[in-house]
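Quick note on labels: first sequence line is chain A, next is B, and so on, each numbered from 1. Basis for what follows: all heavy atoms, side chains included, without hydrogens, waters or symmetry-related copies.
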Amino acid sequence: MRLTTVLCKQHIGRMFKYHWRIQSKRIPVDTKAESEIQARGIPVYEPNDIIEEHRQLVQVTTAKPLVPKPIPRDLTHPLYHERICHMYRDHNVLLKGLDQGKILTKTVEIKTGLPVEIENLLGVHCLPDQDILVQRCILKSHVFDAMQVKLPKIRDPQRPAWNFPRGYGITDKRRTNLLSPKLIQLCEFACGNSTDAVLGRAVVQDETVFVPFEKDGDLIQLELTVNFMLNSAAPLPLYADADEVQGTQDIPLPDLYPIKHTITLEKENIYQIRNVFPVLKGSKFPYIHTAIFHCNETEVKNIYETPVTEEQVQGRTLLKSFAVAAAHAQQRFGVNVKDLPEPITVQCVQTDGRLFHFAVFQLNTLDLDGTEGKKNIFWMLPRIPLFTSCMYVKGRPLLEGYNSEVFSRLLAFCSNGLPS
Amino acid sequence: MACALIVRTVFRSSCVGEVMRAKSSSNLGKACNRMIWNDCPKFAKREGRIWKEDVPKPGNGRSFRRIVHYPEEYTVQPLNVTNLAGRDPVTGRVVAKGIGGGIKHKYHWIAWIREGPKEGEPLEERVIQIMDDGCRTAKIALVAGGDELKYILATENMKAGDIIKTSAHIPRIPVRGNEGDAYPLGALPMGTRVNCIERFPGQGGRYVHAAGTFATVIRHVGDRVIVQMPTKHELSFSQECMAVIGRLSNVMHNKTPIGSPQRLRELGYRPRSGLWQRKSGRHGRKIRPLPPVRVLDKPPPERPEPIVLSLPEQ
C-alpha cells in the first residue's frame, strides 16, 4: 500500500480570523502628551485635517425646482424675531382654563348667569313644531349624513388591552359644521316676522381673527377661527352700564401663583404680527352680534394628552369671544387703542355638536397690564347638553334626551335687537 | 524537530493573546513545553468569549426594553418609543430573554434635575395632576412652575393642587421638609425618608425610583451624608446631592399580585417556564453581611472608545 505524503495543510484562515477579532479593536491610551504639549502653547493638529483632500465645491446653477424647497425654521427664516411671541390657536387649550383666561384678558364675572335682558328674551319668539324641527336638524347632522369615515379609536383607560370594534361615521368636525348653519336657519325662520332677521344680518363663516396684544411685557397673539358669525347694522346694547364697569375695579382677578398666565401658550420666535378682522371697514353690517365657535375633540387637545376639562373649554370660549371683540375694536378705533371710547358687546356660543356653552362678553378696555383698573365683563352659563345620545341603535336612528332649552337660548341670542 | 513555536501577542486591548503550539517529541521541545504554561484556564474562556464581546449584557441600569426618541428640548408631550423586545439595537441579537409584546406605552420625559436657588426662598411649584405612567411602576405628577410644565415622580400623599418646594441651600439647622420637596442631603435631618437621589450634584436623581420605595438618611459625616438604600446597602453621598423627601407613590404595587398570565403579557413579558432549580445552589434568597459603606466621591473614569479597524476588501 502506497502512502501519500503528509500534507502539512492547516486552515490558516481561522487563525487570522481569531487574531483579527481581537486585534482590530485598539483602545487608545491617553499618555497625557497632548495636554502637556497644549499647555506649553504648541499647536496640535488632527492628521486628517492636513492629509485630507479638501474638495472645492463648484457652484452649479440648476433650474428652479417645481416644488420650492421649504425654508428652514431657524435664525435665517425671514419671519424670525428675537422676542418670543406667545401664540394661542384653535387647537390650544389653557392649563387653568377659565381662571387663566380671566387673567389674560383682564375679565371678571359680575353675576352668575346671563344678563337679565337676554334672559327676558327667552320664549319671546317661537316656531310652531319647534322641537320636532330641531330634532330633525340634530338627526340630519349626526346620523343622516352620507359621510362614512373611520372614526378615532375608542380607548377605555380602565381596560387598556381591550380593542373596541372600529366605528365608522360622521367626523366631529362635519357634525358641528352641519348643525350650526341648520340651527341658525331655524332661528331666522323663527324671527321671520321682521325682515331684518335675514336682510338686516350678514353671515360670516369659517374666518380667522388675528389679535396681537401686550400684557405685562409679554407679546401675545391670538389666531382663532370663528365658525359662524352674525353681523348686524346696529350694535348690541351694553348689558353693564358705566357704574358697573367702574365697579369692576374692585373685583379681584383670580390668583394662579406660582403659575404664570402665559403657561401653555405656544412660545415661538418665527411669527408675523397681524391685525385681521374678517369684515371690511366699509361694510353695511359692521357691528358684531353673535359668534358660534366649534370645539371638536379631535382638534382641541392638551399637550400632555389628558382629556380637556370643563374649565378649559369655558376658558376657550372666553378667549375666542375676547379675540372677536378685540379685533373689531382694533379695526374700529385703531390698532393701538387701549381705552375704548365705547364698550363692545358680543354674544358667543361654543359647541361640540352636543354641549352648548352660552356666553356674553363686554369689552371695556384693551389695557390689560396688571390687575388694577377697569376690567372686561363676562357672563356665562354652564354647558348645557342639546341631547344625551344620537346614534344608530340596533340599526335604527335614535335621539335621546332632547333638551329644548338650548334652542330657546340660541333663538334669544339671534333675535336680540330685532323688533318683535 | 523544530522547537515549539509560541506566538504570544500582547496588546492593551487583549490581555492574553492566542497561543499556537506545535507538539514536538524532542527533549528540548519537552523542556520548552514544560516552561511555558499553555493550559491557563483564562485562555479557553477567552477563545469562547471573543464571539460574545460584541453582544452586551443587561444590568447596571441598562434594560433592553425600549428606545425613547428624545427631541432636542424638554417637552411634556408623551414621546414615541420603539420597543426592543430584549434585543441589542446594534447587533439585533436577543440579549435579555423574556421581554416582548405588551401594551405599547408612550414615554413621559421626567425632569430628573430639581434645580433650586442656593440662597433665599425656595422655588415653589404647583402639582396639576397625578398620572399613571406605563413605563414605570411609580406614578408621575404634572407640575407647573412659572411658565413651564414638567413631570416628576409622585410621592405617596401627593395630590393635585399641592405646592412643592425646591432649594439648594444647606442651612445650619436641618430642614424638616414636606413630602415632594427637594432639598440637598446635607439639609435633611437623620431619619428622613428620601427618593430620587442624585449620585453627583447636578446630574439628576438616579437612585430610588420604584413604586413605594424610599431611602433613609442615616448620618452626616463631615461633608458627606450616609444614606441607606431600599436594599439596606449604605451609600455615602456628597451633601450637595439633591433628594426628594417622601416615599414614592403606588405603595401597594409589590403587594398586588399580577393576577393572570395574560396580565403579565400586557406588561411586556413573554411566557416563561422551567425557571428555578432547587439543588444547584444558585437560586433563592441569600443572607449575607452588609458590604461596607460605598463612597461615591468621584465619577468613574471615562473609558475611551476602542478604535475599530477594518480590513479593506481585496
Margin query: If we define contacts as heavy-atom pairs under 4.5 Å, which of A:Pro160, A:Ser24, A:Pro157, A:Ala161 has the most with chain B?
Written below: A:Ser24
Check: B:Gln129 versus chain A, heavy atoms under 4.5 Å apart: side chain, backbone, both or neither?
Finding: side chain
Next item on the list: Assess whether atom NZ of B:Lys139 is packed by more than 12 heavy atoms of other residues, nucleotides or ligands within 6.0 Å.
Entry: no
Margin query: Quick check on A:Arg14: does its CZ atom have over 12 non-hydrogen neighbours (other residues, nucleotides or ligands) under 6.0 Å away?
Written below: no
Next item on the list: Side chain from CB out, backbone as N, CA, C, O: work out which of these in A:His86 comes under 4.5 Å of a heavy atom of chain B, or both, or neither.
Entry: side chain
Next item on the list: Flag yes if more than 12 heavy atoms outside A:Lys267 fall under 6.0 Å of its NZ atom; otherwise flag no.
Entry: yes
Next item on the list: Please state whether the side chain, the backbone, both or neither of B:Glu124 comes within less than 4.5 Å of a heavy atom of chain A.
Entry: both
Notebook entry, point to check: With chain A, which of B:Leu123, B:Asp132, B:Val76 has the greatest number of heavy-atom pairs at distances under 4.5 Å?
Noted result: B:Val76
Notebook entry, point to check: Is it true that atom NZ of A:Lys215 has more than 12 heavy atoms of other residues, nucleotides or ligands lying nearer than 6.0 Å?
Noted result: yes
Next item on the list: Enter the distance from B:Arg303:CZ to A:Ile27:CD1 here, rounded to the nearest 0.5 Å.
Entry: 6.5 Å
Notebook entry, point to check: What heavy-atom pair brings B:Pro306 and A:Pro28 nearest, and what distance separates the two atoms?
Noted result: CA-CD, 4.4 Å
Check: Closest approach of A:Trp20 and B:Leu309, non-hydrogen atoms and distance?
Finding: CZ2-O, 3.8 Å
Check: Tell me, side chain or backbone of B:Ile307 under 4.5 Å from chain A's heavy atoms, or both, or neither?
Finding: both
Next item on the list: Heavy atoms only: give me the nearest B:Ala144-A:Pro258 pair and the separation to one decimal.
Entry: O-CG, 4.4 Å
Check: Any side-chain heavy atom of B:Leu142 within less than 4.5 Å of one from A:Thr306?
Finding: no
Note to self: Heavy-atom count check: over 12 atoms from other residues, nucleotides or ligands less than 6.0 Å from B:Lys150 NZ?
What the structure shows: yes
Note to self: Counting C-beta onward and ignoring hydrogens, is there a side-chain heavy-atom pair between B:Glu302 and A:Asp30 closer than 4.5 Å?
What the structure shows: no
Margin query: With a sphere of 6.0 Å drawn around CZ of A:Arg155, does it hold more than 12 non-hydrogen atoms of other residues, nucleotides or ligands?
Written below: yes
Next item on the list: Name the region of A:Leu95, side chain, backbone, both or neither, that has any atom closer than 4.5 Å to a heavy atom of chain B.
Entry: side chain
Item checked: Which atoms of B:Ile163 approach chain A - backbone, side chain, both or neither, heavy atom under 4.5 Å -> side chain
Checklist line | Over 12 non-hydrogen atoms of neighbours within 6.0 angstrom of CZ in A:Arg89 | finding: yes
Margin query: Looking at every heavy atom in both A:Ile263 and B:Glu148, which two are closest together, and how far apart are they?
Written below: CD1-O, 3.8 Å
Next item on the list: Considering only heavy atoms and a distance below 4.5 Å, find which of B:Pro304, B:Ser310, B:Gly146 pairs most often with chain A.
Entry: B:Gly146
Margin query: With rounding to the nearest 0.5 angstrom, report the CE to OH distance, B:Met131 to A:Tyr304.
Written below: 8.0 Å
Margin query: Check this for me: B:Tyr74, atom OH, are more than 12 non-hydrogen atoms of other residues, nucleotides or ligands nearer than 6.0 Å?
Written below: yes
